[in-house]
Amino acid sequence: MDFSFTEEQELFRANLRRFCRDKALPRLKEMEENRAIPDDLVKDLAEMGLIAMSISEQYGGTGLDAVTAGIAAEELAWADTSCAIPAFFLIQNAWGYLLDKYGTKEAKNEVLPKVRKGESFLGIATTEPDIGSDLASMKTRISKEGDGYVVSGEKSYISGVREVERYGGGYVTLARMTPELGARGMTLFYLPLKDVPGIEITHLEEMGREGVSWGGFHIDDVRIPGHYLIGEENRGFYIVHEGYEFARGLIALVCVGAAMRSLENAIDYMKQREAFGRAIARYEGLQFALAEDYSRLEAARLLAYRALWMYDREQKGDRLSRFEVSKAIAMAKMLSPIWAFEAINDAMQWQGAFGYSKECQEQRALRGVRSFTLAEGSTEVMKLIVARELLGREYLAYR
Ligand SMILES: Cc1cc2nc3c(=O)[nH]c(=O)nc-3n(C[C@H](O)[C@H](O)[C@H](O)COP(=O)(O)OP(=O)(O)OC[C@H]3O[C@@H](n4cnc5c(N)ncnc54)[C@H](O)[C@@H]3O)c2cc1C
């Protein structure tokens with residue numbers, strides 16, 4: 001067993017911490033007010049090789065492993081605790097990786113190099129107004145027409161729609177192709193959004209993560225070429241989960257990064273704030289809670305890195321079962337947002353009235369981390385996955 005990162009990974013983390021402190025941290029308020037990541041910061045992220053870094057070198061990426069992407073997710077969230085930059089990072093990284101793995105050469109050539117340079121956004125669209133967790137019941141349809149496909153339906157609660165409007169790009173999208181086959185009849189494909197006839201974009205406001213947009217789109221008989229297919233027809237449900245697993249592992253580290261930063265802030269505050277004649281850091285009531293929060297975050301961190309390490313091994317063809325990886329990832333994604341939320345909430349409490357003010361950055365972290373009990377799969381769905389692996393598929397409630 002070796003719990004250490006490689007020298008390159010340590011160096012990557014140190015460089016990233018410096019970049020985040022100098023470039024991202026000073027821009028948080030501006031991002032919040034403008035509800036967008038500034039263009040020059042997107043450029044900086046691209047120049048640092050951080051956008052869709054896990055795609056192969058052939059398409060401009062670094063092809064780095066999931067663990068190294070996890071380091072980036074954790075560090076970005078340490079700096080931008082609102083989770084906007086980390087969300088921007090993790091979405092394009094996980095779904096860029098999936099498109100790279102399963103997309104056609106033509107689609108990859110068209111989409112990935114631009115995404116890597118920050119000139120185009122790539123997201124994920126599975127959720128609809130009436131379904132989120134129960135993917136196999138979705139209504140969006142894709143059918144074959146000539147050499148290509150026709151798509152109709154609606155996607156909602158989708159991250160990044162304004163980024164697509166700004167930069168161009170589109171979504172790894174899931175739809176039903178053969179409804180009578182349920183999960184075995186779903187197809188994954190790339191759907192461009194900008195200036196596409198039949199696409200109408202809608203907007204929503206999130207309670208946190210202000211630098212990344214949220215919304216949806218209507219898809220009215222949109223024709224796409226055959227080379228936008230991702231993987232094989234009717235295999236989409238299974239392929240999409242490989243992307244979800246990558247994203248979920250990164251999310252677990254985003255939550256840890258944001259919450260660790262809140263604990264650091266709270267520790268500084270507790271040492272200088274006095275009550276009843278001494279620093280509040282001296283009171284065991286606070287010390288015990290701090291020790292518990294920190295230990296839980298460290299446990300979540302270990303679970304997440306182990307899960308991403310397993311993901312890497314499985315993706316490289318080691319003999320690890322898909323289901324074992326799903327379980328490890330689900331455990332991390334189940335615990336991390338909740339423990340992070342509780343740690344941030346405690347950090348607010350220890351900072352007294354200041355902790356409740358907008359000046360205190362913990363409110364930002366609390367709102368950002370809160371999104372991750374839902375985004376990319378809810379906490380309850382993570383529990384279903386873990387329980388499914390413990391009990392066996394025959395005990396799934398919905399079978
Ligand atoms: C900030 C944010 C960003 C998002 N970005 C995207 C995106 O980019 N792309 C995208 O496709 N989607 C996105 N989503 C949607 C997200 O994936 C869904 O919210 C999530 O999958 C849950 O689906 P739902 O909201 O429809 O809840 P539902 O599936 O309707 O569930 C409602 C509640 O019931 C629980 N529940 C459902 N079934 C069960 C069960 N069998 N047992 C126990 N509990 C159950 C759920 O956990 C949830 O708490 C985003 C969501 C958020 C909050």
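For the single chain, residues carry numbers from 1 onward in sequence order. Values in this document were obtained by computation on a predicted structure and should not be read as measured data.
- The backbone N or O of Leu45 sits nowhere less than 3.5 Å from a side-chain atom of Lys23 that would complete a donor-acceptor pair.
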For this session: Report the C-alpha distance between Phe12 and Phe5 in whole Å, list the side-chain angles of each, state the deciding distance to 0.1 Å, and finish with yes or no for ring pair (Phe, Tyr, Trp, His ring centres under 6.0 Å).
Result: CA-CA 10 Å; Phe12 176 70; Phe5 294 106; over 10 Å; no
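- Annotation for Glu232: atom CD does not count as buried by contact number, only 12 or fewer foreign heavy atoms lying within 6.0 Å.
- The backbone N or O of Glu165 lies less than 3.5 Å from a partner atom in the side chain of Lys194, making a donor-acceptor pair.
- A distance-only check finds a donor-acceptor pair linking the side chain of Ser152 to the backbone of Asp221 [under 3.5 Å].
- The CD1 atom of Ile51 sits 12.0 Å away from atom NZ of Lys117, with the distance rounded to the nearest 0.5 Å.
- Using a 4.5 Å heavy-atom cutoff, the side chains of Leu11 and Glu8 are not in contact.
- The neighbour count for Asp147 CG, taken as heavy atoms of other residues, nucleotides or ligands under 6.0 Å away, does not exceed 12.
- Neither side chain, Gln58 nor Lys108, offers a donor N or O lying under 3.5 Å from an acceptor on the other.
- A donor-acceptor pair under 3.5 Å is absent between the side-chain atoms of Ser336 and the main chain of Ala300, judged by distance alone.
- Summarising the geometry of Pro337 relative to Ala332, their closest heavy-atom pair is CD-O, 4.2 Å, with the distance given to 0.1 Å.
- In the model, Tyr228 has a side-chain atom that pairs as donor or acceptor with a side-chain atom of Glu110 under 3.5 Å.
- More than 12 heavy atoms of other residues, nucleotides or ligands shown are found within 6.0 angstrom of CZ on Arg13.
- Without hydrogens or angle criteria, Thr62 side chain to Met53 main chain gives a donor-acceptor distance under 3.5 Å.
- Of the inter-residue distances, the one linking Met348 atom CE with Leu366 atom CG reads 5.5 Å to the nearest 0.5 angstrom.
- Linking ILVMFWY side-chain heavy atoms closer than 4.5 Å, directly or via other members, places Tyr59 and Ile91 in a single hydrophobic cluster.
- Leu188 is not listed as a side-chain neighbour of Met186, based on a closest heavy-atom distance of 4.5 Å or more.
- A search for side chain to side chain contact (heavy atoms under 4.5 Å, CB included) contacts involving Ser213 returns Val161, Arg162, Glu163, not counting sequence neighbours.
- Taking 4.5 Å as the limit, every side-chain heavy atom of His227 sits out of range of all side-chain heavy atoms of Tyr190.
- Between Asp40 and Lys43 there is no salt bridge, since no side-chain nitrogen of the basic residue lies less than 4.0 Å from a carboxylate oxygen of the acidic one.
- Looking at Tyr395 and Leu390, their side chains never come closer than 4.5 Å, going by heavy atoms from C-beta outward.
- Side-chain contact, Glu74 with Tyr305: a donor N or O sits under 3.5 Å from an acceptor N or O.
- Side-chain atoms of Glu376 do not come within 3.5 Å of backbone N or O of Tyr244 as any donor-acceptor pair.
- No side-chain heavy atom of Val115 sits under 4.5 Å from any side-chain heavy atom of Tyr167.
- Considering CD of Glu284 and CG of Leu290, their distance stands at 13.0 Å, rounded to 0.5 Å.
- Side-chain contact between Met31 and Ile85 is present, with at least one heavy-atom pair separated by less than 4.5 Å.
- At distances below 3.5 Å, not a single donor-acceptor pair connects side-chain atoms of Asp80 with backbone N or O atoms of Ala24.
- Taking the six-membered ring where tryptophan is involved, the planes of Tyr157 and Trp214 are tilted, since the angle between them lies from 30° to 60°.
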For this session: Could you give me the CA-CA distance, side-chain angles and deciding distance for Glu298 and Arg301, then say whether salt bridge (charged side-chain N to carboxylate O under 4.0 Å, His left out) is met?
Result: CA-CA 5 Å; Glu298 194 56 31; Arg301 191 169 181 263; 3.5 Å; yes
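- Residues Pro197 and Val222 share a closest heavy-atom pair of O-CG2, 3.6 Å.
- Not one N or O on the side chain of Lys333 forms a donor-acceptor pair closer than 3.5 Å with the backbone of Met382.
- For Gly132 against Thr127, the heavy-atom pair with the smallest separation is CA-CG2, 3.9 Å.
- A side-chain N or O of Thr140 and one of Glu128 form a donor-acceptor pair less than 3.5 Å apart.
- Heavy atoms of other residues, nucleotides or ligands lying less than 6.0 angstrom from CZ of Arg322 number more than 12.
- Counting only distance, with no hydrogens or angles, the side chain of Asp100 and the backbone of Ser56 share a donor-acceptor pair below 3.5 Å.
- Closest approach of Gly368 to Ser371, counting heavy atoms only: O-OG, 2.7 Å.
- Taking the ring centre of Phe323 as origin, the terminal cationic atom of Arg393 falls inside the region bounded by 6.0 Å and 45° from the ring axis.
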Problem set entry | Worked verdict on Asp65 versus Lys316 for salt bridge (charged side-chain N to carboxylate O under 4.0 Å, His left out) | CA-CA 10 Å; Asp65 51 281; Lys316 281 180 194 139; 5.8 Å; no
For this session: Apply salt bridge (charged side-chain N to carboxylate O under 4.0 Å, His left out) to the pair Glu75 and Arg17, showing each step before the final yes or no.
Result: CA-CA 6 Å; Glu75 286 302 320; Arg17 176 69 59 113; 2.6 Å; yes
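- No continuous path of ILVMFWY side-chain contacts below 4.5 Å connects Ile251 to Val256, so the two sit in separate hydrophobic clusters.
- For Gln363 (side chain) and Lys358 (main-chain N/O), a donor-acceptor pair under 3.5 Å exists by modelled atom type.
- Two residues are said to be in side-chain contact when any heavy atoms from C-beta on lie closer than 4.5 Å; Pro38 and Arg27 meet this criterion.
- Other residues, nucleotides and ligands place more than 12 heavy atoms under 6.0 Å from the CD atom of Glu180.
- Comment: Arg367 engages Glu32 in a salt bridge, judged by a side-chain N to carboxylate O separation of less than 4.0 angstrom.
- Here the closest heavy-atom approach between residue Ala304 and residue Leu253 is recorded as CB-CG, 3.7 Å.
- Side-chain atoms of Tyr149 and Thr187 include no donor-acceptor pair closer than 3.5 Å.
- Residue Tyr283 places its OH atom among more than 12 non-hydrogen atoms of other residues, nucleotides or ligands, all under 6.0 Å distant.
- Checked against the 6.0 Å centroid threshold, Phe341 and Phe372 do not count as a close aromatic pair.
- Classified by interplanar angle (parallel below 30°, tilted 30° to 60°, perpendicular above 60°), the ring pair Tyr97/Phe246 is perpendicular.
- You'll find the ring centres of Trp339 and Tyr294 outside the 6.0 Å limit.
- Checking Thr68 against Gln9 by side-chain atom types alone, a donor-acceptor pair falls below 3.5 Å.
- Listed here is the closest heavy atom pair of Trp350 and Ala266: CE3-CB, 3.7 Å.
- Hydrophobic clustering of Ile, Leu, Val, Met, Phe, Trp and Tyr side chains at less than 4.5 Å, counting indirect connections, unites Ile385 with Met331.
- Applying the 6.0 Å contact sphere to CD of Gln349 captures no more than 12 heavy atoms from other residues, nucleotides or ligands.
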Exercise. Going through the checks in order, is the salt bridge (charged side-chain N to carboxylate O under 4.0 Å, His left out) test met by Glu233 and Lys144?
Worked result: CA-CA 10 Å; Glu233 289 175 5; Lys144 232 181 152 107; 2.9 Å; yes
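- Ring pair Phe354/Tyr269 is parallel by interplanar angle, where below 30° counts as parallel and above 60° as perpendicular.
- Two residues are said to be in side-chain contact when any heavy atoms from C-beta on lie closer than 4.5 Å; Leu308 and Leu250 meet this criterion.
- No more than 12 heavy-atom neighbours from other residues, nucleotides or ligands sit within 6.0 angstrom of CZ on Arg370.
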